[in-house]
Amino acid sequence: MRLGVLDVGSNTVHLLVVDAHRGGHPTPMNSQKDELRLAEHLDADGALSAAGADALVAAVHGARDAAAAARCADLLAFATSALRDATNSVAVLARVREETGVSLQVLPGEDEARYTFLAVRRWYGWSAGRLLVLDIGGGSLELAAGRDEHPAAAASLPLGAGRLTREWFAGDPPSRREIDALRAHLDAALEPVGRRLRRVGAPELAVGTSKTFRSLARLTGAAPSSAGPRARRVLTDVGLRQLAAFITRMSSADLAELEGVSASRAHQLVAGALVAEAAMRALRVDRLEICPWALREGVILRRLDTLDGTTQSDRSAQGAPDGLGRLTPFEARCTG
């Protein structure tokens with residue numbers, strides 16, 4: 001079947017169209033992005049502005065039409081940190097549904113971590129053993145660890161690269177004082193989470209996903225995107241520390257000139273590097289494999305797992321480890 005996945009994140013609204021069947025490898029057919037930076041449209045009270053809501057409605061409407069033109073059998077539409085944080089998210093989601101026919105589901109942070117973990121597990125397979133997975137988004141950092149398809153531990157922290165840039169950096173480039181203050185904050189925030197995930201056991205494979213990790217790996221010598229998704233890419237703690245010492249002295253305009261750094265996210269790169277550095281330190285890992293699959297692929301894979309004709313809901317959520325609760329289920333949700 002052909003599936004569309006609409007991911008409304010802090011930076012982009014991203015539609016991914018894939019051809020897939022249960023037990024098969026999802027094949028990307030089309031992808032389109034709108035750079036909305038929704039998190040930057042939150043006002044002092046935490047509400048999404050009228051301009052931000054207008055842009056979101058327009059982007060979702062365009063994605064819905066693109067999914068229909070691509071003959072998608074289902075559109076899985078979800079939102080992450082920006083709408084999760086917005087104080088008026090209920091009203092915004094109602095407006096989106098009324099004007100576009102698309103019902104966005106706001107994913108809890110732990111579910112983000114768990115869907116991403118599933119994608120990484122399927123990419124590397126059972127032979128990878130115990131996995132540790134890190135994903136740096138615009139608004140939050142997701143972490144998960146375990147041996148199975150459901151992680152034994154998962155966490156989401158408000159430590160996204162965009163959020164930290166807005167909250168901690170006044171200068172461009174940031175001052176040494178700002179950098180030192182953020183490093184101290186990250187170490188304090190990650191210490192208890194690192195302790196909890198380390199109790200799962202030492203990972204046999206530590207993995208980073210997301211645009212931030214791909215950019216950092218590229219800047220430390222990993223293969224470019226033109227080498228394809230199956231090229232092995234690694235980010236080491238030594239390489240990351242050397243990179244951080246270099247880029248913290250650069251303005252976002254200069255960073256945008258570096259190969260592998262997109263102009264729209266260059267201003268977030270320093271904060272992203274500091275989060276990656278602190279997370280690796282808290283989890284006591286010295287290298288990360290970079291996985292091309294992440295949250296969107298996890299949502300697709302879980303939806304495909306339900307294609308046995310007996311139900312449209314995510315029955316596999318019943319098998320989540322104790323204490324993690326149920327996964328947000330995905331059903332057919334596009335009425336437009």
Side-chain angles (χ1 to χ4, degrees), residues 7 9-11 80-81 109-110 112-125 128-146 151 153-157 159-164 186 189-190 193-194 197-198 200 202-225 227-244 247 258 260-262 265 268-298:
D7 177 358
S10 296
N11 292 309
T80 55
S81 177
E110 278 196 359
E112 279 193 63
R114 293 153 69 190
Y115 278 117
T116 301
F117 186 89
L118 169 65
V120 174
R121 169 58 72 195
R122 295 280 178 92
W123 180 266
Y124 287 105
R130 187 184 293 113
L131 288 175
L132 170 66
V133 178
L134 309 179
D135 188 330
I136 301 172
S140 59
L141 165 69
E142 275 68 52
L143 313 94
S156 177
L157 299 174
L159 300 177
R163 183 197 300 270
L164 295 175
L186 290 169
L190 283 162
V193 176
L197 266 67
R198 290 199 308 270
V200 173
E204 291 161 278
L205 181 65
V207 177
T209 72
S210 75
K211 176 67 173 177
T212 295
F213 274 120
R214 290 196 300 272
S215 294
L216 295 172
R218 179 71 188 106
L219 290 172
T220 58
S225 58
R230 296 189 180 278
R232 187 176 180 228
R233 297 172 175 89
V234 174
L235 178 66
T236 67
D237 59 345
V238 173
L240 182 56
R241 284 196 301 271
Q242 292 173 342
L243 176 65
I247 64 175
L258 300 177
V261 179
S262 62
R265 296 182 186 231
Q268 303 179 9
L269 187 64
V270 171
L274 297 179
V275 175
E277 188 181 49
M280 293 177 73
R281 188 162 54 243
L283 293 161
R284 299 177 185 172
V285 296
D286 58 11
R287 62 191 288 117
L288 296 173
E289 296 269 348
I290 306 302
C291 181
W293 279 6
L295 175 59
R296 284 181 291 274
E297 288 78 12

Considering only residues two or more places apart or on different chains, which pairs with a residue in residues 271-286 satisfy salt bridge (charged side-chain N to carboxylate O under 4.0 Å, His left out)? Arg183-Glu277, Asp187-Arg281

Name all residues meeting the side chain to side chain contact (heavy atoms under 4.5 Å, CB included) criterion together with Ala276; count only those two or more places apart in sequence or in a different chain, and write none if there are none. Ile136, Phe213, Leu216, Leu240

Mind checking salt bridge (charged side-chain N to carboxylate O under 4.0 Å, His left out) for Arg121 and listing every partner two or more places apart, or none if nothing turns up? none

Start with the C-alpha distance between Arg265 and Val261, add both sets of side-chain angles, then the distance that settles side-chain contact (heavy atoms from CB on, under 4.5 Å), and finish with yes or no. CA-CA 7 Å; Arg265 296 182 186 231; Val261 179; over 6 Å; no

With heavy-atom distances below 4.5 Å as the criterion, would you say the side chains of Val120 and Thr209 are in contact? yes

Run the salt bridge (charged side-chain N to carboxylate O under 4.0 Å, His left out) test against Glu112 and tell me which residues pass, sequence neighbours left out. Arg84

Test item: Thr220 and Thr236 side chains (from C-beta on) under 4.5 Å apart, heavy atoms: no

Contacts of Trp123 meeting ring-ring contact (aromatic ring centres under 6.0 Å, His included) (sequence neighbours excluded), chain-then-number -> Trp293

For Ser10, all residues meeting side chain to side chain contact (heavy atoms under 4.5 Å, CB included), sequence neighbours excluded: Ala39, Ser81, Ala82

So which atom in Ala113 and which in Ala155 form the shortest heavy-atom distance, rounded to 0.1 Å? CB-O, 3.9 Å

Within the distance-only criterion (no hydrogens, no angle test), does the side chain of Glu297 pair as donor or acceptor with the backbone N or O of Ala294 below 3.5 angstrom? yes

Are there over 12 heavy-atom neighbours, none belonging to Arg122, within less than 6.0 Å of that residue's CZ? yes

Side chain to side chain donor-acceptor pair (under 3.5 Å) involving Ser156 - partner list, sequence neighbours excluded: Glu142

Restricting to side chain to side chain donor-acceptor pair (under 3.5 Å), what partner residues turn up for Gln268, sequence neighbours left out? Asn11

Partners meeting side chain to side chain donor-acceptor pair (under 3.5 Å) with Arg198 (sequence neighbours left out): none

Could you work out, with salt bridge (charged side-chain N to carboxylate O under 4.0 Å, His left out) as the rule, every residue matching Arg232, not counting sequence neighbours? Glu289

For Ala279 against Leu190, the heavy-atom pair lying closest together: N-CD1, 3.6 Å

What are the two closest non-hydrogen atoms of Leu197 and Ala153, and how far apart are they? CD1-CB, 4.3 Å

Show the numbers, then the answer: is there a side-chain contact (heavy atoms from CB on, under 4.5 Å) between Leu143 and Leu283? CA-CA 10 Å; Leu143 313 94; Leu283 293 161; 3.8 Å; yes

Going through the distances and angles, do Asp135 and Leu141 end up as a side-chain contact (heavy atoms from CB on, under 4.5 Å)? CA-CA 6 Å; Asp135 188 330; Leu141 165 69; 5.9 Å; no

Heavy-atom closest pair (Arg130 atom, Ala202 atom, distance to 0.1 Å) is NH1-O, 2.8 Å

Should Val207 and Ile290 count as side-chain neighbours, where that means a heavy-atom distance under 4.5 Å? no

The side chain to side chain donor-acceptor pair (under 3.5 Å) partners of Ser215 (sequence neighbours excluded) come to none

Under the side chain to side chain contact (heavy atoms under 4.5 Å, CB included) test, residues paired with Ala206 that sit two or more places apart: Leu132, Val285, Leu288

In short, Ala223 meets Arg233 closest at the heavy-atom pair O-NE, 2.9 Å

Which residue is it: Leu186, Leu274, Val193? I am looking for the one with a side chain to side chain contact (heavy atoms under 4.5 Å, CB included) to Leu159. Leu186

Minimum heavy-atom distance Ala161-Ala271, with the two atoms named: O-CB, 3.6 Å

